[in-house]
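Numbering of ligands and ligand atoms starts at 1, following listing order.
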Amino acid sequence: MLLDVNIVQLAKFLNSAKRITVLTGAGLSVASGIPTFRETGGLWNNYRPEELATPQAFIRNPKLVWAWYASRREKVANSYPNNAHKVLAKWSKRFKGFSLITQNVDGLHERAGTVNVIRFHGSLWELKCWIPCSASPKHWKDKTVPFKRIPPCCPHCGGLARPGVVWFGESINPTVLKKSFEASRCDVFLTVGTSSVVNPAALLVSEAKSKGAYVAEINPKRTPASEIVDLSIKGTAEEILINLEKELLAQN
Ligand code: NAD
Ligand code: ZN
């Protein structure tokens, strides 16, 4: 392997950091076969995510929205964590003071064995009551693939259930938001596989920077975050993280 000076430099920062925070986005799951929202191709390409992932879209056509989520659940159920998920899972157990914030809803970080994942946008594998009724918990786990009927019902009141994800225009769970902003106070902040255009997740990068963290980005393309980070490494998450892990171990 041609030793990339950027990887060597980043590994040094990581090995000497007391607190490390990693923010991940849809790019991390591309090597697992999960498309990002902005990629072309596929059955749902006629719709923009903003036309499906909103409360308004759900009110208009819950069956359509659920058909989209059901197809995403099916896709993920037939996929596996890739090397990028696996490296981060190792870090979550090896580094003290490690936090992983993900915008992904696919659960692949958890399946790779990552501990204490902060799920910024919820999970494809959780459902909530749409109303919500007083009998239902805030959300519940549901791994059914495929659903017997679409849209699925709330088992507590028989009304409509909805995906346990954060839609465009909805607020982030305050506890999750607090934990994420707390985690942005760290020595090294790494943003991986995210386009950095969806707020407030994207704000975490500038927040970390303003609190004094060394901030690095891993992405094959430039993003708005590229302007403010200390180091921008052009490449895929699965390739760069594996090389970074090799370098981390070699330095120890
Ligand atoms: P995004 O689609 O806006 O951006 C994806 C980013 O990944 C791009 O910048 C792209 O250049 C980069 N990328 C592509 N292939 C990559 C690779 N192999 N390695 C590293 N980077 C790669 O996704 P986002 O920034 O996460 O934000 C959009 C929203 O989409 C989030 O709210 C998220 O909940 C949702 N989403 C989640 C999933 C998932 O759970 N897997 C999939 C699609 C969308
Ligand atoms: Zn209910």
Would you please test W68 and F58 for ring-ring contact (aromatic ring centres under 6.0 Å, His included) and show each step? CA-CA 11 Å; W68 182 53; F58 192 73; over 10 Å; no
Would you say A26 has any N or O atom under 3.5 Å from an N or O of ligand 1, going by distance alone? yes
From R19, K209, K211, E207, residue fulfilling side-chain hydrogen bond (donor to acceptor under 3.5 Å, both in side chains) relative to S184: K211
Residue-level breakdown please: for I34 versus ligand 1, do any non-hydrogen atoms fall below 4.0 Å on the side chain, on the backbone, on both, or on neither? side chain
Check whether any side-chain N or O of S29 sits under 3.5 Å from a backbone N or O of S32 as a donor-acceptor pair, and report yes or no. no
I'd like to know if the side chain of N219 and the backbone of T194 have a donor-acceptor N/O pair within less than 3.5 Å. yes
Is there at least one pair of N or O atoms, one from Q103 and one from ligand 1, spaced under 3.5 Å apart? yes
State whether the shortest distance between N or O atoms of R72 and N or O atoms of ligand 1 falls below 3.5 angstrom. no
Output the list of atoms in ligand 1 that are nearer than 4.0 Å to some heavy atom of V105, sorted by atom number. 39 (C), 40 (O)
Distance-only N or O hit between ligand 1 and T223, under 3.5 Å: no
So if I count the atoms of ligand 1 from 1 in the order they appear, which ones are less than 4.0 Å from some heavy atom of D106? 39 (C), 40 (O), 41 (N)
For atom 31 (C) of ligand 1, state which one of R222, H121, E217, E239 supplies the nearest heavy atom. H121
Does A31 have a heavy atom less than 4.0 Å from any atom of ligand 1? no
Heavy atoms only: which of I218, N219, L28 lies closest to atom 12 (C) of ligand 1? N219
E170 and R162 ion-paired at < 4.0 Å: yes
Run the contact test for P35 against ligand 1 with a 4.0 Å cut-off on heavy atoms, strictly below, and give the result. yes
Result of checking L88, I233, I240, V22 against V192 for side chain to side chain contact (heavy atoms under 4.5 Å, CB included): V22
Examine the side chains of W91 and E245 and answer whether a donor and an acceptor come within less than 3.5 Å of each other. yes
Go through ligand 1 atom by atom and flag the ones less than 4.0 Å from a non-hydrogen atom of K221. 11 (O)
With a 4.0 Å cut-off, would you call R48 and E51 a salt bridge? yes
Check this for me, if you would: do R222 and E227 make a salt bridge, where the nitrogen-to-carboxylate-oxygen distance has to be below 4.0 angstrom? yes
Check this for me - ligand 1, G235, N or O atoms closer than 3.5 angstrom, yes or no? no
If the threshold is 4.0 Å, N to carboxylate O, is there a salt bridge linking E110 and R119? yes
Honestly, for V198 the part within reach of ligand 1 (heavy atoms, under 4.0 Å) is side chain
Closer than 2.8 Å to the Zn ion (ligand 2), do we get an N, O or S atom from H156, backbone or side chain? no
I'd like to check which ligand 1 atoms, numbered from 1 as shown, lie under 4.0 Å from a non-hydrogen atom of G193. 5 (C), 6 (C), 7 (O), 20 (C), 21 (N)
Geometric class of the F147/W66 ring pair [parallel <30°, tilted 30-60°, perpendicular >60°]: perpendicular
Vertex the Zn ion (ligand 2), rays to SG in C154 and SG in C129 - rounded to 10°: 110°
Just which atoms of ligand 1 are under 4.0 Å from any heavy atom in G25? 26 (O)
Just let me know how V30 lines up against ligand 1, side chain, backbone, both or neither, with a heavy-atom cut-off below 4.0 Å. side chain
Let me know which of V105, N78, D106, D142 forms a side chain to side chain contact (heavy atoms under 4.5 Å, CB included) with R73. D142
